Amino acid sequence: MTGNSFGQAFRITTAGESHGPGNVVIIDGVPPGLELSVEDLMVDLDRRRPGQSKIVTQRNEADLPEILAGVFEGHTTGTSLAILIRNTDQRSRDYSDIQDKYRPGHADYTYDAKYGFRDYRGGGRSSARETTARVAAGVVAKKLIAAAFGGQVVGYVSQVGDIRAEIPDPAAVTLDAVEKLPDGEPNIVRCPDIAAATRMIELIESVRKDGDSIGGAGEIVASGVPAGLGEPVFDKIKADLAKALFSLPAVLGVEYGIGFGCVEMRGSENNDLFTAGPAGHEAEITTSSNRHGGMLGGITSGLPIVLRAAVKPTSSLPIAQETVTRDGQPTTIQTKGRHDPCLLPRFIPMAEAMVAIVLADHWLRHAGQNSLDL
């Protein structure tokens with residue numbers, strides 16, 4: 001199997017399956033001297049892990065990372081960084097009765113079509129369990145971009161079903177507003193619009209009781225990103241960000257800035273007009289609006305990068321669905337196991353990680369290409 005690596009200067013390679021011993025990531029290109037500890041990694045791994053609230057899967061994984069290489073005395077060494085997250089709560093027996101049936105919405109059939117053999121326990125390599133490794137790598141990437149240019153990546157749930165959050169200024173949303181309610185309790189749906197969050201939770205609980213699931217959208221904002229990252233042709237930063245988000249399980253659409261809203265606009269309405277920076281910073285060129293989502297011509301403009309990803313409803317359902325067996329015989333299937341009724345709350349740290357990895361990669365590429373003072 002190829003295609004297990006992502007990035008160029010900041011490059012991650014992952015391995016592991018949902019019901020194997022664990023998942024591991026090797027990260028190349030990490031500069032020496034970054035402070036990194038298991039406690040650092042746990043912040044986002046805790047945000048991603050199952051069993052954290054009543055509206056996510058109740059699989060009980062602690063997701064404790066083990067740093068196998070690349071760190072000495074609390075700092076990265078500049079060598080390859082290796083991180084392992086072990087699986088400890090697999091229930092492979094939940095999948096024994098569906099090993100010869102194709103689950104609707106899953107990669108079962110396409111795996112067989114490609115390889116002629118598959119690990120049927122929970123999806124194997126295509127399972128979202130693999131994203132534990134990416135989230136760990138994303139912590140390292142977040143540290144790198146914060147140290148390099150003060151970059152910050154914050155994501156939140158912007159829609160569940162037909163319930164949309166009202167977010168006047170995406171770049172003003174803080175991690176604290178995503179993770180906590182005003183009274184300090186956890187914001188289990190990770191939507192900073194509290195009124196919308198309440199209705200989202202009610203909807204998720206309703207579909208769970210029906211044995212069903214619901215989709216939604218997540219919005220990811222990268223702030224503090226300097227102008228000039230990215231390439232103008234095949235390595236457009238918008239293209240790499242789209243690939244990064246599309247590589248996550250269940251993502252069916254990605255847009256940035258005004259996105260598909262541009263199809264109803266005229267050029268005079270869609271264009272963001274250039275202006276000088278604020279008083280005292282007149283030399284800093286900016287724009288009066290950000291419909292371009294922080295990227296022009298595949299290169300960052302210096303404004304916040306704003307991305308949205310559409311995430312489908314969870315495909316694993318306890319209700320009966322029609323399907324076929326491996327030899328094409330009609331049958332029905334009911335998926336056992338523990339699954340999210342809505343993927344969005346746990347999707348957010350995964351998406352943040354992939355955006356941060358792209359930014360770290362393009363920053364290192366930019367620094368390498370433009371380091372000579374000619």
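None of the values given here were measured: they were computed from a predicted structure.
- With E255 contributing its side chain and F260 its backbone, the two residues share a donor-acceptor pair below 3.5 Å.
- Residues T323 and R103 bring no donor and acceptor atom of their side chains to less than 3.5 Å of each other.
- There is no side-chain donor-acceptor pair under 3.5 Å between S80 and R11.
- At distances below 3.5 Å, at least one donor-acceptor pair connects side-chain atoms of D183 with backbone N or O atoms of E185.
- A salt bridge (charged side-chain N to carboxylate O under 4.0 Å, His left out) check over residues 21-39, counting only residues at least two apart or in different chains, returns nothing.
- Side-chain contact of T79 with T77: a donor-acceptor pair under 3.5 Å is present, judged by distance alone.
- Test R346, R129, R47 against D63 for salt bridge (Lys or Arg N to Asp or Glu O under 4.0 Å) and you get one pass: R129.
- In this structure, CD1 in I285 is found 8.5 Å from CZ in F274, a value given to the nearest 0.5 Å.
- A distance of 8.5 Å separates CG of L45 from CD1 of I83, quoted to the nearest 0.5 Å.
- Inter-residue side-chain proximity for L241 and V355 is flagged as met; some heavy-atom pair is nearer than 4.5 Å.
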Mind running side-chain contact (heavy atoms from CB on, under 4.5 Å) on V38 and I67 for me, showing each step along the way? CA-CA 7 Å; V38 166; I67 300 175; 4.3 Å; yes
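- For D176, the salt bridge (charged side-chain N to carboxylate O under 4.0 Å, His left out) partners two or more places apart in sequence, or in a different chain, are K180.
- In this structure, the side chains of I12 and S5 stay at 4.5 Å or more apart for every pair of heavy atoms.
- A salt bridge does not link D240 to K236: none of the charged nitrogens lies less than 4.0 Å from a carboxylate oxygen.
- Within the structure, salt bridge (charged side-chain N to carboxylate O under 4.0 Å, His left out) pairs that include any residue of residues 154-174 do not occur (at least two apart or interchain).
- Side chain of D108 to backbone of Y102: no donor-acceptor contact under 3.5 angstrom is found.
- A donor-acceptor pair under 3.5 Å is formed between the side chain of Q334 and the backbone N or O of P318.
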side-chain contact (heavy atoms from CB on, under 4.5 Å) between I201 and L203, worked out: CA-CA 5 Å; I201 293 170; L203 176 57; over 6 Å; no
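- Here N290 contributes atom CG and I258 contributes atom CD1; the two are 10.0 Å apart, rounded to the nearest 0.5 Å.
- The two residues D46 and A62 come nearest to each other via the heavy atoms OD1-O, 4.4 Å.
- The structure places CG of N23 at 8.5 Å from OG1 of T131, a figure rounded to the nearest 0.5 Å.
- Side-chain contacts under 4.5 Å among hydrophobic residues (ILVMFWY), followed directly or transitively, place V263 with no other residue at all.
- Side chain of D44 to main chain of V135: no donor-acceptor pair is present (N/O by atom type, distance under 3.5 Å, no hydrogens or angles).
- L84 shares a hydrophobic cluster with V24, L68; the chain of contacts runs through ILVMFWY side chains whose heavy atoms sit under 4.5 Å apart.
- Atom CG of L307 sits about 5.0 Å away from atom CE of M295, to the nearest 0.5 Å.
- With sequence neighbours left out, the salt bridge (charged side-chain N to carboxylate O under 4.0 Å, His left out) criterion links E66 to R86.
- When all heavy atoms of V157 and V189 are compared, the pair lying nearest together is CG2-O, 3.0 Å.
- With 3.5 Å as the limit, one finds a donor-acceptor pair spanning the side chains of S316 and H106.
- No continuous path of ILVMFWY side-chain contacts below 4.5 Å connects I26 to V358, so the two sit in separate hydrophobic clusters.
- Residues L364 and L81 share a hydrophobic cluster, clusters being chains of Ile/Leu/Val/Met/Phe/Trp/Tyr side chains in contact below 4.5 Å.
- At a threshold of 4.5 Å between non-hydrogen side-chain atoms, the residues S126 and Y111 count as touching.
- The 12-atom threshold is exceeded at CZ of F149, counting heavy atoms of other residues, nucleotides or ligands nearer than 6.0 Å.
- The environment of Y115 atom OH is dense: over 12 non-hydrogen atoms of other residues, nucleotides or ligands sit within 6.0 angstrom.
- Rounding to the nearest 0.5 Å gives a distance of 11.0 Å between CD1 of I214 and CE of M200.
- Legend: residues meeting salt bridge (charged side-chain N to carboxylate O under 4.0 Å, His left out) with E17, ordered by chain and number and at least two apart, are absent.
- Looking only at distances, no side-chain donor or acceptor of R365 sits under 3.5 Å from a matching main-chain atom of L229.
- Residues G293 and Y256 approach most closely at CA-CD1, 4.2 Å, considering heavy atoms.
- Clustering ILVMFWY residues whenever any of their side-chain heavy atoms sit less than 4.5 angstrom apart, transitively, puts V207 in the very cluster that holds I163.
- Among residue pairs with one or both ends in residues 309-321, none qualify as salt bridge (charged side-chain N to carboxylate O under 4.0 Å, His left out); sequence neighbours excluded.
- No side-chain heavy atom of T287 sits under 4.5 Å from any side-chain heavy atom of T275.
- Side-chain N or O atoms of D100 include none that pairs as donor or acceptor with a backbone N or O of T325 at under 3.5 Å.
- S158 places a side-chain N or O within 3.5 Å of a backbone atom of A217 that can act as its donor or acceptor partner.
- Between the side chain of T76 and the backbone N or O of G33 there is at least one donor-acceptor pair closer than 3.5 Å.
- Residues P345 and I188 share a closest heavy-atom pair of CB-O, 3.5 Å.
- D193 meets the salt bridge (charged side-chain N to carboxylate O under 4.0 Å, His left out) test with no other residue; sequence neighbours excluded.
- Using a 4.5 Å heavy-atom threshold, the side chains of E352 and K142 count as touching.
- Salt bridge present: R134 and E130 bring a charged side-chain N and a carboxylate O closer than 4.0 Å.
- Cluster partners of V221 are V154, Y156, I167, V173, V178, V306, counting Ile, Leu, Val, Met, Phe, Trp and Tyr whose side-chain heavy atoms approach within less than 4.5 Å, directly or via other members.
- The closest side-chain heavy-atom distance from F10 to H362 is not below 4.5 Å.
- S213 and T314 form no side-chain donor-acceptor contact under 3.5 Å, judged by distance and modelled atom types alone.
- In this structure, the side chain of T332 does not engage the main chain of E322 through any donor-acceptor pair within 3.5 Å.
- For residues 258-274, the pairs satisfying salt bridge (charged side-chain N to carboxylate O under 4.0 Å, His left out) are D272-R291, with sequence neighbours left out.
- Here the closest non-hydrogen pair linking L34 and K143 is CD2-O, 4.1 Å.
- When all heavy atoms of F234 and A239 are compared, the closest pair comes out as O-CB, 4.3 Å.
- Through direct or relayed side-chain contacts under 4.5 Å between Ile, Leu, Val, Met, Phe, Trp and Tyr, L303 connects to no other residue.
- Residues I194 and I348 fall into different hydrophobic clusters, defined by Ile, Leu, Val, Met, Phe, Trp and Tyr side chains chained together at heavy-atom separations under 4.5 Å.
- Counting heavy atoms from C-beta on, the side chains of F347 and L248 come closer than 4.5 Å.
- I357 and F246 fall within the same hydrophobic cluster, defined by Ile, Leu, Val, Met, Phe, Trp and Tyr side-chain heavy atoms under 4.5 Å apart, directly or through other members.
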